[in-house]
2 protein chains.
Amino acid sequence: MANEPKQKRFGAHIRALREAQEISLRKFAERAQISPTYLSKVERDEFPPPGEEAVRRIADILGEDPDELLALAGKVASDLPGIIQQHPRAMATFLRAASGLPAAEIEKLARRAVGLRKKGPEK
Amino acid sequence: MANEPKQKRFGAHIRALREAQEISLRKFAERAQISPTYLSKVERDEFPPPGEEAVRRIADILGEDPDELLALAGKVASDLPGIIQQHPRAMATFLRAASGLPAAEIEKLARRAVGLRKKGPEK
DNA sequence: AAGACTGTTTAGTAGTTAGTATACACCTCC
DNA sequence: GGAGGTGTATACTAACTACTAAACAGTCTT
């Protein structure tokens, strides 16, 4: 028991969606601009998920939310680290506090943040 | 103009703090468990900042906030991606909305999140 | 039974990240 | 004038990430 992948669900997930849309592995690989060989392994979770750009192209083809699919790939969208780094302590505090909250509550806080944006700093 | 480092301030920053505490490069390297050679280059921003664990040890020695120093190193603490991935869409929405807000406002939202934690989901 | 599909096996690779060891030049103090 | 300190240049490296090309085996169509 040594050769197991970290992300067990990414490959199976995109394979199911691809098959539901009746796209062949080769056609899909072509549209996603990756090699069929690679895609085959990724879909069977024999290889870890591709890089961010490839995951975004896959999400686009499958009609999935990119942030959601990136999460399944064990990644976060590359713009988020930059945002966190603007106020690392405050953002880290927030994220740790919000960890475990249901999505609906986080969305409410997001709407609050949008509200603060409009009023406060106009930049 | 091709050999410039990404993070121009990390090295200079820690060198200044180290010199302020009058610790020699070698002693500091030993305490941070990295080689003096490597530290020398890092402090002159000739090499990119070290990995997260080394940055944390450096922050500890210098009495700096780890999240802040990690940000200066162009990284985010490794627990944060995992938190974002619990609710990737909601968290990404929040972060993009909170981008540009002053730290004080983000801290207020963090306190709100703490409040929600206590009442709502007890896990 | 040939041709055109399907997915898979085998065998690599280029680039990035995060470092190390050896050896050097300079300074001082005794 | 050598013993012990300062920082630095040179020269590698091991592990990991994100892939590719060539060839193969089964199925389906005509």
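None of these values were measured; they are calculated from a predicted model. Proteins come first, then strands; the chains are lettered A, B, ... in the order of their sequence lines, and each starts at number 1. What's counted below: heavy atoms across the whole structure, side chains too, no hydrogens, waters or symmetry copies.
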Mind checking what makes salt bridge (Lys or Arg N to Asp or Glu O under 4.0 Å) contact with A:Glu19, not counting sequence neighbours?
none
Please determine whether a side-chain nitrogen of the Lys or Arg among A:Asp67 and A:Arg56 lies less than 4.0 Å from a carboxylate oxygen of the Asp or Glu.
no
Any luck finding a side-chain donor-acceptor pair between A:Glu107 and B:His87 under 3.5 Å?
no
Can you see whether B:Arg89 engages B:Thr93 through a side-chain donor-acceptor pair at a distance of less than 3.5 angstrom?
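No, no side-chain donor-acceptor pair sits under 3.5 Å.
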In this structure, how many angstroms lie between the [atom2] atom of [N] and the [atom1] atom of [X], rounded?
X	N	atom1	atom2	answer
A:Ile58	D:dC19	CD1	C1'	12 Å
B:Glu19	D:dT6	CD	P	13 Å
B:Gln33	C:dA18	CD	P	17 Å
A:Leu70	D:dA18	CG	P	11 Å
B:Ile34	C:dT20	CD1	C1'	12 Å
B:Glu30	D:dG5	CD	C1'	14 Å
B:Phe47	C:dG19	CZ	C1'	8 Å
B:Glu52	D:dC16	CD	C1'	17 Å

Establish, with yes or no, whether the OP1 or OP2 oxygen of C:dT6 is under 4.0 angstrom from a side-chain nitrogen or oxygen of A:Arg18.
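No, no such contact exists.
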With respect to A:Leu69, which candidate in A:Ile58, A:Asp60, A:Leu17 satisfies the side-chain contact (heavy atoms from CB on, under 4.5 Å) definition?
A:Ile58
Atom pairs, protein N/O to nucleotides 8-10 of chain D N/O, distance under 3.5 Å:
residue: D:dT8; atom: OP2; partner: B:Arg15; partner atom: NH2; Å: 2.9
residue: D:dT8; atom: OP2; partner: B:Ser40; partner atom: OG; Å: 2.8
residue: D:dT8; atom: OP2; partner: B:Arg44; partner atom: NE; Å: 3.4
residue: D:dA9; atom: OP2; partner: B:Arg44; partner atom: NH1; Å: 2.8

Which is true for A:Lys75 with a 4.0 Å heavy-atom rule: it touches a base, it touches only sugar-phosphate, or it touches nothing?
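Touches sugar-phosphate only.
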Using a 4.0 Å heavy-atom cut-off, does A:Ser24 contact any base of the nucleic acid, only the sugar-phosphate backbone, or nothing at all?
sugar-phosphate
Check whether B:Glu52 reaches the backbone of B:Ser78 with its side chain - one donor and one acceptor, N or O, closer than 3.5 Å.
yes
Residue set satisfying side chain to side chain donor-acceptor pair (under 3.5 Å) with B:Arg112, at least two apart, ordered chain then number -> none
